[in-house]
Chemist: 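Quick one: the structure is below, questions incoming.
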Amino acid sequence: MPDGFKALLLTEADGKVHAAIEELDDAALPAGDVTVRVSHSTLNYKDGLILNGLGRLVRSYPHVPGVDFAGEVESSNSPAWRPGDRVIVTGWRVGELHWGGYAGKARVKSDWLVPLPRGLTPERAMAIGTAGFTSMLAIMALEEHGLSPAGGEVVVTGAAGGLGGIAVAVLAKLGHKVAAVTGRGAAEADYLGTLGAASVVDRAELADGPKKPMLGERWAGAVDAVGGKVLAAVVAQLRYRASVAVCGNAGGIEVPTTVLPFILRGVNMLGIDSVLCPVPRRMAAWERLARDLPMDLLDSMTTRASLEDLPTLGKRILEGGVRGRVVIEL
Ligand code: NDP
């Protein structure tokens, strides 16, 4: 089979999702004007949900998951791309409503692709991946709302995970004093310190939510990967007019707070969405990542895995058991 490639294929039976590695050929690929030979994909929290059939993110099966990928254009019906172009994809609900990156080839719409950012290898672009891209969108939003290194300490929740870890590394490189929140105990303090965290906060301190909607002013800004009561506790401790970039919900979707911190302290919740993000902002975020994320730190937080490892890793990430970023080599 000259155009054959391996894919992690999800099928559904009796309400349960089953994953198997299959050999496919080009005819199996969905419609789209560009076919990409995929070299790397990654594991994100959302991939964990999809691999386990949770969150109703996938509407039809069989399905190839993988919400991001990097590779080389193999064939193109679009004037924008030529065979051999090196490209990456994040967002646009790739891996959810469209087949994604857990396969040797993918076929997508031409305007979902961005060129491999200058200064990044395909592997490093995917070590950043959707999680790291979202971290940068969060930091850009905070900066647009006045965050500067002189303003005081910035807090990052879910810091031992992918999105949180990259946020810690970028903020520290930019000169911010960073407090890293983790539920993994003192054992992670060394790791978070190497990423640049100035202090580590035990998630247990925030996990029950705030005793009152407003507590003492503590943080000049926040990147939140966790949501739920932890987010409510962060909101309660933001300084006057500070903002939290709300990225994730690994800790729940209900946020028990009131209007008071917003009215009386002028704090802001900035929603961050990496799925629908205009191309100029995408390009700006990737350029910033190539510039502001120390590559040695990125390498130190990256592990490599194969398609075969994904069913196990997909369970582990939902338990908060994956550290940093995982690149899938195709
Ligand atoms: P990871 O699993 O790598 O990181 C999530 C971290 O959250 C964990 O490492 C853990 O950190 C913490 N955590 C896990 N479970 C819980 C829990 N039950 N209660 C509180 N904290 C918990 O995932 P990602 O970095 O890939 O994604 C993080 C979040 O961001 C997810 O919710 C994801 O869906 C979301 N996301 C949103 C995007 C967007 O466009 N808005 C894009 C990408 C991701 P620790 O052990 O250090 O406490």
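A quick note: this is a predicted structure, and the numbers were derived from the prediction, not measured. Each ligand, and each atom within it, is numbered from 1 in the order the structure gives.
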Chemist: Counting neighbours of NZ on K173 that are heavy atoms of other residues, nucleotides or ligands and sit closer than 6.0 Å, is the number greater than 12?
Modeler: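 Result for NZ/K173: enclosed.
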Chemist: How far is atom 32 (O) of ligand 1 from its nearest protein heavy atom, and which residue and atom name does that atom have?
Modeler: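 Ranking protein heavy atoms by distance from atom 32 (O) of ligand 1, first comes N249 N, 3.0 Å.
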Chemist: Is it true that W286 and I139 fall in one hydrophobic cluster, defined by side-chain heavy atoms closer than 4.5 Å?
Modeler: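 Looking at the clustering, I139 is in the same group as W286.
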Chemist: When you check the side-chain N and O atoms of R86 and S39, is any donor under 3.5 Å from an acceptor?
Modeler: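 Looking only at side-chain atoms, S39 and R86 do not form any donor-acceptor pair under 3.5 Å.
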Chemist: For atom CZ of R291, decide whether the heavy atoms of other residues, nucleotides or ligands shown that lie under 6.0 angstrom number more than 12.
Modeler: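 Yes - once you tally the heavy atoms of other residues, nucleotides and ligands closer than 6.0 Å, there are more than 12.
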Chemist: Enumerate the atoms of ligand 1 whose separation from the nearest heavy atom of T134 is less than 4.0 angstrom.
Modeler: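 The atoms of ligand 1 under 4.0 Å from a heavy atom of T134 are 38 (C), 39 (C), 40 (O), 41 (N), 42 (C), 43 (C).
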Chemist: Using distance alone, with no hydrogens and no angle criterion, decide if T42 and D68 have a side-chain donor and acceptor under 3.5 Å apart.
Modeler: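 Yes - a donor-acceptor pair under 3.5 Å links their side chains.
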Chemist: Evaluate A160 for polar contact with ligand 1, using N/O atom pairs at a separation under 3.5 Å.
Modeler: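 There is such a contact, yes.
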Chemist: Short N/O distance, under 3.5 Å, between G320 and ligand 1?
Modeler: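 No; every N/O pair is 3.5 Å or more apart.
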Chemist: Determine, stepwise, if the pair L51 / L8 fulfils side-chain contact (heavy atoms from CB on, under 4.5 Å).
Modeler: CA-CA 10 Å; L51 286 164; L8 185 87; 3.4 Å; yes
Chemist: Are side-chain N/O atoms of T302 and R325 paired as donor and acceptor at under 3.5 Å?
Modeler: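 There is no such pair between these side chains.
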Chemist: Which residue owns the protein heavy atom closest to atom 11 (O) of ligand 1, what's the atom, and how far is it?
Modeler: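 I find the closest protein heavy atom is G158 CA, 3.3 Å.
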Chemist: Is it the case that D309 and T312 place a side-chain donor and acceptor less than 3.5 Å from each other?
Modeler: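 The answer is no; no qualifying pair exists.
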Chemist: May I ask you to say whether R288 pairs ionically with E143, meaning some side-chain N is under 4.0 Å from a carboxylate O?
Modeler: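 E143 and R288: salt-bridged.
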Chemist: Just go through K46, R323, R203, E188 and tell me whose heavy atom is the nearest to atom 21 (N) of ligand 1.
Modeler: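 That would be R203.
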Chemist: For ligand 1, is N44 a contact, meaning one of its heavy atoms is under 4.0 Å away?
Modeler: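 For ligand 1, residue contact (heavy atoms, under 4.0 Å) with N44 is present.
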Chemist: Among all protein heavy atoms in this structure, tell me which lies nearest to atom 29 (C) of ligand 1, with the distance rounded to 0.1 Å.
Modeler: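 Nearest protein contact, heavy atoms only, for atom 29 (C) of ligand 1 is A225 O, 3.3 Å.
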Chemist: So which protein heavy atom does atom 27 (O) of ligand 1 come closest to, and at what separation?
Modeler: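 In this structure, atom 27 (O) of ligand 1 has Y45 CB, 3.6 Å as its nearest protein heavy atom.
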Chemist: When clusters are formed by joining ILVMFWY residues with side-chain heavy atoms under 4.5 Å apart, either directly or through shared neighbours, do W219 and V223 land in the same one?
Modeler: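 Not linked; separate clusters.
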Chemist: Against heavy atoms of R184, which atoms of ligand 1 measure under 4.0 Å?
Modeler: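 Going through ligand 1 atom by atom, the ones under 4.0 Å from R184 are 8 (C), 9 (O), 45 (P), 46 (O).
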Chemist: Just jot down the ligand 1 atoms closer than 4.0 angstrom to any heavy atom of S274, in number order.
Modeler: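 Reading through ligand 1 atom by atom, the close ones are 39 (C), 40 (O), 42 (C).
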Chemist: Is E12 atom CD crowded by more than 12 heavy atoms from other residues, nucleotides or ligands, each under 6.0 Å away?
Modeler: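 Enclosed.
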Chemist: State, without any angle test, whether N268 and S243 hold a side-chain donor-acceptor pair at a distance under 3.5 Å.
Modeler: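 Yes - a donor-acceptor pair under 3.5 Å links their side chains.
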Chemist: Tell me the protein heavy atom at minimum distance from atom 16 (C) of ligand 1, and give that distance in Å.
Modeler: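 Result: A250 O, 3.7 Å.
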Chemist: Please list the nearest protein heavy atom to atom 19 (N) of ligand 1 with its residue and the distance rounded to 0.1 Å.
Modeler: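 Protein heavy atom with the smallest distance to atom 19 (N) of ligand 1: G251 CA, 3.4 Å.
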Chemist: Considering only heavy atoms of G183, which atoms of ligand 1 have at least one such atom less than 4.0 Å away?
Modeler: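 Atoms satisfying the 4.0 Å criterion: 45 (P), 46 (O), 47 (O), 48 (O).
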Chemist: Could you tell me whether some N/O pair between R325 and ligand 1 is separated by less than 3.5 angstrom?
Modeler: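 No, no N or O pair falls under 3.5 Å.
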Chemist: Report, in ascending order of atom number, the atoms of ligand 1 lying under 4.0 Å from any heavy atom of I317.
Modeler: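 So the atoms of ligand 1 that pass are 2 (O).
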Chemist: Any idea which of G248, G321, C247 brings a heavy atom closest to atom 37 (C) of ligand 1?
Modeler: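 Result: the heavy atom closest to atom 37 (C) of ligand 1 is in C247.
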Chemist: Check the side chains of E308 and S306 for a donor-acceptor pair under 3.5 angstrom, ignoring hydrogens and angles.
Modeler: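 E308 and S306 do have a side-chain donor-acceptor pair below 3.5 Å.
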Chemist: Around atom 3 (O) of ligand 1, find the nearest protein heavy atom and jot down its residue, atom name and distance.
Modeler: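 Result for atom 3 (O) of ligand 1: G162 N, 2.8 Å.
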Chemist: List the closest protein heavy-atom neighbour of atom 47 (O) of ligand 1: residue, atom name, distance to the nearest 0.1 Å.
Modeler: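 Closest protein heavy atom to atom 47 (O) of ligand 1: T182 OG1, 2.7 Å.
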Chemist: As an exercise, identify every atom of ligand 1 less than 4.0 angstrom from a heavy atom of L163.
Modeler: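 Here the atoms of ligand 1 in question are 25 (O), 30 (O), 36 (N), 44 (C).
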Chemist: Under 4.0 Å from any heavy atom of D273, which atoms of ligand 1 are there?
Modeler: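 Listed by number with element, the hits are 40 (O).
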Chemist: List every atom of ligand 1 that sits less than 4.0 Å from any heavy atom of I272, numbering the atoms from 1 in the order shown and giving each element.
Modeler: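 Here the atoms of ligand 1 in question are 39 (C), 40 (O), 41 (N).
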